[in-house]
Engineer: 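This is the structure, below, for whatever I ask next.
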Amino acid sequence: MLDKSRTVAPRGYNRWLVPPAALAVHLSIGQVYAFSVFKNPLLERFGTSHTSVAVIFSMAIVMLGLSAAFGGKWMERNGPRKAMALSAVCWVSGFLVAALGVQLGQLWIVYLGYGLIGGIGLGIGYISPVSTLIKWFPDRPGLATGLAIMGFGGGALVASPLTARLLEAYAPTPAQAIVPTMLTLAAVYAVLMTCGAAMIRVPAPGWRPAGWTPPARGANAMQSHADVRVGNAVRTPQFYLLWIVLFTNVTAGIGILEQASPMIQDFFPAVTAATAAGFVGLLSLANMGGRFVWSTTSDKLGRKRTYIMYLGVGAVLYAFLAALGASAVGLFVALTFVIVSFYGGGFATIPAYLKDLFGQLEVGAIHGRLLTAWSAAGIAGPLIVNGIADARSAQGVTGAALYLPSLVTMCGVLVVGFVANMLVRPVAARFHEPETPALVVPQADRVPVGVVTEES
């Protein structure tokens, strides 16, 4: 049932049924962005530092990147259904083991569960639908990757208020309610991810959308008409420049997301825990909306220009946040909302950028290798913000001043990414795979009767 051969779409299959399968998985694993709602209860339960609890989140992101890097080629060989099933097993098991660690009062077991095992589920689940949707939407790769990754950014939109409500309902204090909350979330995600794995399909070889033909050579200088295998892709300067681009964009955004709930309460002491959880949900909406809106915009604007916006405008917004963010709650929320939308857009646009440069042959495997930048950023972003906050707190600094050096640092990080993006050029022909004659598929197979297309 899990074999790739069993997931090939039959004649007449509507490609718009595939995005909901991707969303079911990504909405589930996107809960990681709501981790900051657990942060204060975990601090109370274990009586440890901000940095010690932040390690849980960082480990999950590190394992996401590593499992995506090593699992990308495996996923291409075995298909998205098997990958989604493996992701579900690891992600749900991660919650169960983490709950055991909280119950026993052993923080290292929480690291093992949510951080290590759950992180593997994150990585495999994250990459599983991306290359599949690119194959279903060759006419709109930015839209496709936005659809694939939008749910990951929006996972906290549901998980943040749900987690906050469960933490209030299950026990007198949030610290006492962590275990039943984690068990409840595990059950919900087990159902959702199983449904996603059952629904996913891959297109038959040679399938094309109705009325679509590949763009003419030379129509876009940054768009390759040849394929590059993952082994050659990692030998190109373009791969490493995009690694820097993704690393800097993620570092700048993840520092806010991981610390979102405590940060707004430190900036504005009148903000309650429930309101802070709502702020986390709002940032999730920015993350999710940015993944769809900005990646879809990149189909018209171009990937390189889109990243100029993410990194250049993002650096300016961070400067405003450092200088003016503490002056009003509305301004703070507006600035962080746009910054996080760029963060989400960067994730959704990078697979299409890779497809433009390296073709779609092994784009899933190349994407997996590039996500090691996310692993590195998952360490760098939270450590910058939490490390500086802990150090300044030890000096007696309180409120917004805890975070000002971190925000200034993020401006510099984004400038580095801006320069790297400006240096990206088309991939040299020596890395391309030899061209083979195109497979001709009868029109009846390309456009099955009854399929609703954009043109109709």
Side-chain angles (χ1 to χ4, degrees), residues 15-34 61 64 68 80 83-84 87 91 121-162 189 192-193 195-197 199-201 246 249-250 253-254 256-257 260 280-301 303 306-307 309-310 337-355 363-364 367 370-371 374 454:
R15 63 175 175 167
W16 290 99
L17 296 175
V18 179
L23 284 172
V25 173
H26 274 218
L27 281 170
S28 300
I29 61 177
Q31 187 279 338
V32 71
Y33 282 136
I61 299 302
L64 185 158
M84 287 179 174
S87 171
W91 182 237
L122 284 174
I124 301 299
Y126 187 86
I127 61 173
S128 56
V130 172
S131 64
T132 303
L133 274 169
I134 285 178
K135 292 179 176 70
W136 278 112
F137 293 86
D139 48 337
R140 304 178 189 179
L143 169 70
T145 54
L147 287 170
I149 297 173
M150 178 177 65
F152 191 86
L157 186 64
V158 177
S160 180
L162 174 61
Y189 295 143
L192 278 177
M193 297 178 79
C195 290
M199 291 169 59
I200 197 69
R201 296 288 187 278
L246 184 61
N249 194 59
V250 173
I254 211 168
I256 286 181
L257 280 174
V280 174
L282 184 64
L283 290 187
S284 175
L285 181 63
N287 193 355
M288 180 176 68
R291 289 166 189 252
F292 181 74
V293 172
W294 297 130
S295 63
T296 303
T297 302
S298 76
D299 283 336
K300 301 293 184 183
L301 188 62
R303 319 306 167 196
T306 303
Y307 273 95
M309 175 182 68
Y310 295 156
F337 187 92
V338 179
I339 288 171
V340 172
S341 80
F342 287 166
Y343 164 83
F347 275 119
T349 309
I350 203 70
Y353 208 162
L354 293 171
K355 189 259 184 187
V363 67
H367 184 217
L370 196 77
L371 288 180
W374 193 357
E454 296 83 8

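Position 1 is the first residue of the sequence; numbering continues from there.
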Engineer: Please name the pair of heavy atoms, one in L283 and one in A260, separated by the smallest distance, quoted to 0.1 Å.
Structural biologist: CD1-CB, 3.8 Å
Engineer: Answer yes or no: is there a donor N or O on one side and an acceptor on the other, between the side chain of W136 and the main chain of P19, under 3.5 Å?
Structural biologist: no
Engineer: Can you tell if the side chain of Y126 reaches within under 4.5 Å of the side chain of I149, non-hydrogen atoms only?
Structural biologist: yes
Engineer: Kindly compute the distance separating CG (L301) from OG (S295), expressed to the nearest 0.5 Å.
Structural biologist: 12.0 Å
Engineer: Of the non-hydrogen atoms in A286 and F337, which two are nearest, and what is the gap between them?
Structural biologist: CB-O, 3.3 Å
Engineer: For a quick test of reading the model, state the closest non-hydrogen atom pair linking H367 to I127 and the distance between them.
Structural biologist: ND1-CG2, 4.3 Å
Engineer: Within the 4.5 Å heavy-atom criterion, are F152 and F347 side-chain neighbours or not?
Structural biologist: no
Engineer: How far apart are the closest heavy atoms of K355 and P141, and which atoms are they?
Structural biologist: CD-CB, 4.4 Å
Engineer: Can you give me the closest heavy-atom contact between A348 and R291, atom names plus distance?
Structural biologist: CB-O, 3.1 Å
Engineer: Going from CG on L17 to CD1 on I200, what distance comes out if it is rounded to the nearest 0.5 angstrom?
Structural biologist: 10.5 Å
Engineer: Evaluate whether atom CH2 of W294 has more than 12 neighbouring non-hydrogen atoms of other residues, nucleotides or ligands under 6.0 angstrom away.
Structural biologist: no
Engineer: Using ring centroids (six-membered ring only for Trp), state whether W16 and F137 fall under 6.0 Å.
Structural biologist: yes
Engineer: From L27 CG over to M150 CE, what is the distance, rounded to the nearest 0.5 angstrom?
Structural biologist: 8.0 Å
Engineer: Give, for atom OG1 of T349 and atom CE of M309, the distance between the pair rounded to the nearest 0.5 Å.
Structural biologist: 8.0 Å
Engineer: Does the side chain of I29 come within less than 4.5 Å of S87's, by heavy atoms?
Structural biologist: yes
Engineer: Does the side chain of Y343 reach to within under 4.5 Å of the side chain of I339, using non-hydrogen atoms?
Structural biologist: no
Engineer: Side-chain contact, heavy-atom cut-off 4.5 Å: V25 with P129?
Structural biologist: no
Engineer: As an exercise, state the distance from CG of L133 to CG of L143, rounded to the nearest 0.5 Å.
Structural biologist: 9.0 Å
Engineer: Evaluate the side-chain proximity of Y353 to T306: yes if any heavy-atom separation is below 4.5 Å, no if none is.
Structural biologist: no
Engineer: CH2/W374 to CD1/I350 distance, rounded to the nearest 0.5 angstrom?
Structural biologist: 12.5 Å
Engineer: If you take all heavy atoms of S128 and M84, which pair is closest and at what distance?
Structural biologist: OG-CG, 3.4 Å
